[in-house]
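Working notes, structure below.
By convention here, the first residue in the shown sequence is residue 1. These values consider heavy atoms only, across backbone and side chains, with no hydrogens, waters or symmetry-generated copies.
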Amino acid sequence: MIDETPILDNHLHLDPDHHRGIDAVRDFARVGGTHLLVVNKPSWHLGVEAETGEDFRAVFERTIEVVEDASSELEGQAWPVLGIHPGLISRLVDDRGFSPDDARDLMQAGIDVAAEYVDAGEALALKSGRPHYEVDDAVWAASNAVMRRAFERASDLECAVQLHAEGSEEMTEVTAWAEDVGLPAHKVVKHYAGGRLEGPIPSVICDKDELETAAERGEPFLMETDYIDDPDRPGAVLGPKTVPRRVAWLLENGHEDAVRNAHIETPALVYGIDTEATLERP
């Protein structure tokens, strides 16, 4: 049955310049994967130490290029998700001497540039969030302000926002912020989530226990590997073959409804994409 369903990895990274790039996409497709949401790598990983929002443009355009190449390897499609990694604020404040407010302004400017690509139809969604580690109050407030800017832009564009944030099973305050600016809660996705989350849509890391929790819960969810395509951290997260293999495992264990939920219904709900219509099976 795996040959009959679209299979989407909701969050992974590709680095065609320094690591596997399209070879990772081929691995994904070889075991049945059909659709990808490719998130730009942190800007500094691509050698960009931004001074202005415009400086992030090179990161976004390189991501769009690799997504076009990825789509040509898939029976479905790949889409870019563009934005500013929330960990950048620590790099700016701790390593480069920015004040939290100046870091906030730069990161918000980067979000604005990413939003241009969504508006032009060249990207599907925005990426934002806040540090998943302890920071001082000023950095925390600045990070929340960046995230709220992403919600404002996403509301204008009627697109989703993927969040990189702390581990939690309850983030209703965050989705309330989104709703305050007109972005529905179902347009907010928590990347690297567990199977149970109140507030955002969980993009569940493909641990079997977490997937089983999400499947039995019956609420909208997505599946991801967070593959980082980094030669220096080969085992840091799951490999690109993992989502198709976990789909096969879910099907073997009678979770057909959960597979449809994660790979057809929730992508349509969150992103407005039709993974069945974009699938070209032989």
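- Side-chain contact, Gln162 with Tyr271: a donor N or O sits under 3.5 Å from an acceptor N or O.
- Side-chain contact between Glu49 and Trp44 is present, with at least one heavy-atom pair separated by less than 4.5 Å.
- Scanning both residues, Phe60 and Gly83, for their nearest heavy atoms gives CE2-O, 3.4 Å.
- In this structure, Ala185 and Thr175 approach most closely via the heavy-atom pair CB-CB, 3.8 Å.
- The residue from Thr242, Thr225, Leu74 that alone fulfils the side chain to side chain contact (heavy atoms under 4.5 Å, CB included) condition with Phe28 is Leu74.
- The environment of CD in Glu170 is crowded: more than 12 heavy-atom neighbours from other residues, nucleotides or ligands sit within 6.0 Å.
- One hydrophobic cluster holds both Ile64 and Ile111 under the rule that ILVMFWY side chains link at heavy-atom gaps under 4.5 Å.
- The 12-atom threshold is not exceeded at CD of Glu158, counting heavy atoms of other residues, nucleotides or ligands nearer than 6.0 Å.
- Remark: Asp257 does not engage Arg260 in a salt bridge, criterion side-chain N to carboxylate O under 4.0 Å.
- Taken to the nearest 0.5 Å, the OH atom of Tyr227 stands 11.5 Å off from the CG atom of Leu238.
- Judged by distance alone, the side chain of Lys187 and the main-chain N or O of Ala154 form no donor-acceptor pair under 3.5 Å.
- Shortest non-hydrogen contact noted between Val243 and Leu8 is CG1-O, 3.7 Å.
- Tyr133 and Glu166 are not linked by any side-chain donor-acceptor pair at a separation below 3.5 angstrom, with hydrogens and angles left out of the test.
- Note: Gln108 CD to Ser128 OG = 9.0 Å, rounded to the nearest 0.5 Å.
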Do Leu92 and Met107 pass the side chain to side chain contact (heavy atoms under 4.5 Å, CB included) test, and can you show the C-alpha distance, the side-chain angles, and the key distance before you say yes or no? CA-CA 10 Å; Leu92 293 173; Met107 294 171 71; 4.2 Å; yes
Would Leu183 and Val188 count as a side chain to side chain contact (heavy atoms under 4.5 Å, CB included) here? Give the steps. CA-CA 8 Å; Leu183 184 69; Val188 182; 3.9 Å; yes
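- Side-chain contact between His191 and Asp226 is present, with at least one heavy-atom pair separated by less than 4.5 Å.
- Val247 places a side-chain heavy atom less than 4.5 Å from the side chain of His263.
- In terms of heavy-atom proximity, Pro240 sits nearest to Asp27 at CG-CB, 4.2 Å.
- Judged by distance alone, with hydrogens and angles left aside, the side-chain atoms of Lys190 form no donor-acceptor pair with the main-chain N or O of Leu197 at under 3.5 Å.
- A donor atom on one side chain and an acceptor atom on the other are found under 3.5 Å apart for Thr278 and His35.
- Remark: the backbone N or O of Leu222 is not paired with any side-chain donor or acceptor of Thr266 at under 3.5 angstrom.
- With hydrogens and angles ignored, the 3.5 Å screen pairs no side-chain donor or acceptor of Asn10 with any backbone N or O of Leu37.
- With salt bridges taken as basic N to acidic carboxylate O contacts below 4.0 Å, one links Asp112 and Arg149.
- Looking at Pro80 and Asn40, their side chains never come closer than 4.5 Å, going by heavy atoms from C-beta outward.
- Other residues, nucleotides and ligands contribute at most 12 non-hydrogen atoms within 6.0 Å of the CG atom of Asp137.
- Residue pairs meeting the salt bridge (Lys or Arg N to Asp or Glu O under 4.0 Å) criterion with at least one partner in residues 204-225, sequence neighbours excluded, are Glu198-Arg217.
- The aromatic rings of His11 and His13 sit perpendicular to each other, their planes meeting at more than 60°, with 30° as the lower class boundary.
- Counting only heavy atoms from C-beta outward, the side chains of Leu12 and Leu36 approach each other to under 4.5 Å.
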Pair Val189, Val270 - check side chain to side chain contact (heavy atoms under 4.5 Å, CB included), show working. CA-CA 8 Å; Val189 177; Val270 174; 3.5 Å; yes
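- At a threshold of 4.5 Å between non-hydrogen side-chain atoms, the residues Arg153 and Phe151 do not count as touching.
- Looking only at side-chain heavy atoms (C-beta outward), Leu88 and Pro42 stay at 4.5 Å or farther from each other.
- For Asp119 (side chain) and Ala115 (main-chain N/O), no donor-acceptor pair under 3.5 Å exists by modelled atom type.
- Residues satisfying the salt bridge (charged side-chain N to carboxylate O under 4.0 Å, His left out) test with Glu169, not counting sequence neighbours, are none.
- Taking hydrophobic clusters as Ile, Leu, Val, Met, Phe, Trp and Tyr residues chained together by side-chain heavy-atom distances below 4.5 Å, Val161 shares a cluster with Met147.
- At distances below 3.5 Å, not a single donor-acceptor pair connects side-chain atoms of Arg130 with backbone N or O atoms of Ser143.
- Looking at Asp55, its side chain does come within 3.5 Å of a backbone N or O of Glu51 through a donor-acceptor pair.
- Under the 4.5 Å side-chain heavy-atom criterion for ILVMFWY residues, a single connected hydrophobic cluster contains both Val139 and Ile84.
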